[in-house]
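These notes are about the structure you will find just below.
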Amino acid sequence: MLQVSRSITVNCPREAAYEFWRDFENLPRFMQHLQSVTSAGNGLSHWVVKAPAGQEVEWDAELVDERPNERLAWRSAPGSDVEHEGSVQFRDAPGDRGTEIRVELRYDPPAGVIGSKVAKLFGEEPSQQVRDDLRRFKQVMEIGEVVLSEGSLEGVGEGPFKERPAQPPQPREMQR
């Protein structure tokens, strides 16, 4: 299994960050590759994720540890297409700066290590996803939405061609 660990400081109370994350149906608001999460009760949920090459991957997950305002831990249910487990921890940031959020994820990528390397070429590797998702979570919690600009990498092009430099708008006569 491969392992990912990322953290970020968010300028909001720990309780607010925890409550938002704990409502799993909120997760697609900041997790770009996540299409939906449906809570099934008793700590069970169904996840649908966009995968490379226009594919979808689905699995059921179970909550295995919950400490309100401190920690959530989950794992894929037996027989799932994607074997993974993870946790998110919420701690008060030093200096009264909000909340430190740490995500740890262990997963067995479809097609193993080769699948992980191919996915990385197309910007789909989980370490990149977690980093980007945490940045979007910070935006949602601090300003209420994910802000995209002309220079944002998300949603521009496909695969390795997603980038393009931000440039100020040009007057029409200069664009010709």
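Quick note: numbers below take in every heavy atom, side chains included, and nothing from hydrogens, waters or symmetry partners. If you read the sequence from its start, that first residue is 1, and numbering goes on from there.
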4.5 Å side-chain heavy-atom contact, Q32 and D133
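With C-beta onward as the side chain, the pair touches.
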E83 versus S80: any side-chain heavy-atom pair under 4.5 Å?
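When only atoms from C-beta onward are counted, S80 and E83 do not touch, as no gap falls below 4.5 Å.
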So, does N26 use its side chain to make a donor-acceptor pair with the main chain of F20 at under 3.5 Å?
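It does hold such a pair.
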Do you know which two heavy atoms are closest between N69 and E15, and how far apart they sit?
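So the two residues come closest at OD1-CA, 3.4 Å.
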Testing the basics here: between W74 and L72, what is the closest heavy-atom pair and its distance to 0.1 Å?
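The pair with the smallest heavy-atom distance is CZ3-O, 3.9 Å.
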Roughly how far, to the nearest 0.5 Å, is [atom2] of [Y] from [atom1] of [X]?
X    : Y    : atom1 : atom2 : result
L63  : R75  : CG    : CZ    : 10.5 Å
M31  : R29  : CE    : CZ    : 13.0 Å
R71  : F90  : CZ    : CZ    : 11.0 Å
K138 : M141 : NZ    : CE    : 11.5 Å
H84  : S76  : NE2   : OG    : 5.5 Å
K50  : S36  : NZ    : OG    : 10.5 Å

Candidate pair D65 and R67, rule salt bridge (Lys or Arg N to Asp or Glu O under 4.0 Å), full reasoning:
CA-CA 7 Å; D65 186 24; R67 289 182 236 151; 2.9 Å; yes
Kindly determine whether R22 and E66 satisfy salt bridge (Lys or Arg N to Asp or Glu O under 4.0 Å), including the steps that lead there.
CA-CA 9 Å; R22 176 58 179 91; E66 179 175 11; 2.7 Å; yes
Could you walk me through whether T38 and F24 pass the side chain to side chain contact (heavy atoms under 4.5 Å, CB included) test, one step at a time?
CA-CA 7 Å; T38 308; F24 298 138; over 6 Å; no
R91/E100 ion pair, N-O < 4.0 Å
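Salt bridge between R91 and E100, a charged N being under 4.0 Å from a carboxylate O: no.
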Report, one line per pair, each donor and acceptor closer than 3.5 Å where one atom sits in a side chain of residues 39-48; sequence neighbours left out.
from	atom 1	to	atom 2	distance (Å)
S45	OG	W47	NE1	2.8
H46	ND1	D60	OD1	2.7
H46	NE2	E58	OE1	2.7

Donor-acceptor pairs under 3.5 angstrom involving side-chain atoms of residues 4-13: please list them, not counting sequence neighbours.
from	atom 1	to	atom 2	distance (Å)
S5	OG	R102	NH2	2.6
R6	NH2	S127	OG	2.8

Can you confirm whether R14 is buried at CZ, in the sense that more than 12 heavy atoms of other residues, nucleotides or ligands lie under 6.0 Å from that atom?
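Yes, the 6.0 Å shell around CZ holds more than 12 heavy atoms from other groups.
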Contacts of type ring pair (Phe, Tyr, Trp, His ring centres under 6.0 Å), residue F30, not counting sequence neighbours:
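Per chain and number, F30 pairs via ring pair (Phe, Tyr, Trp, His ring centres under 6.0 Å) with W21, F137.
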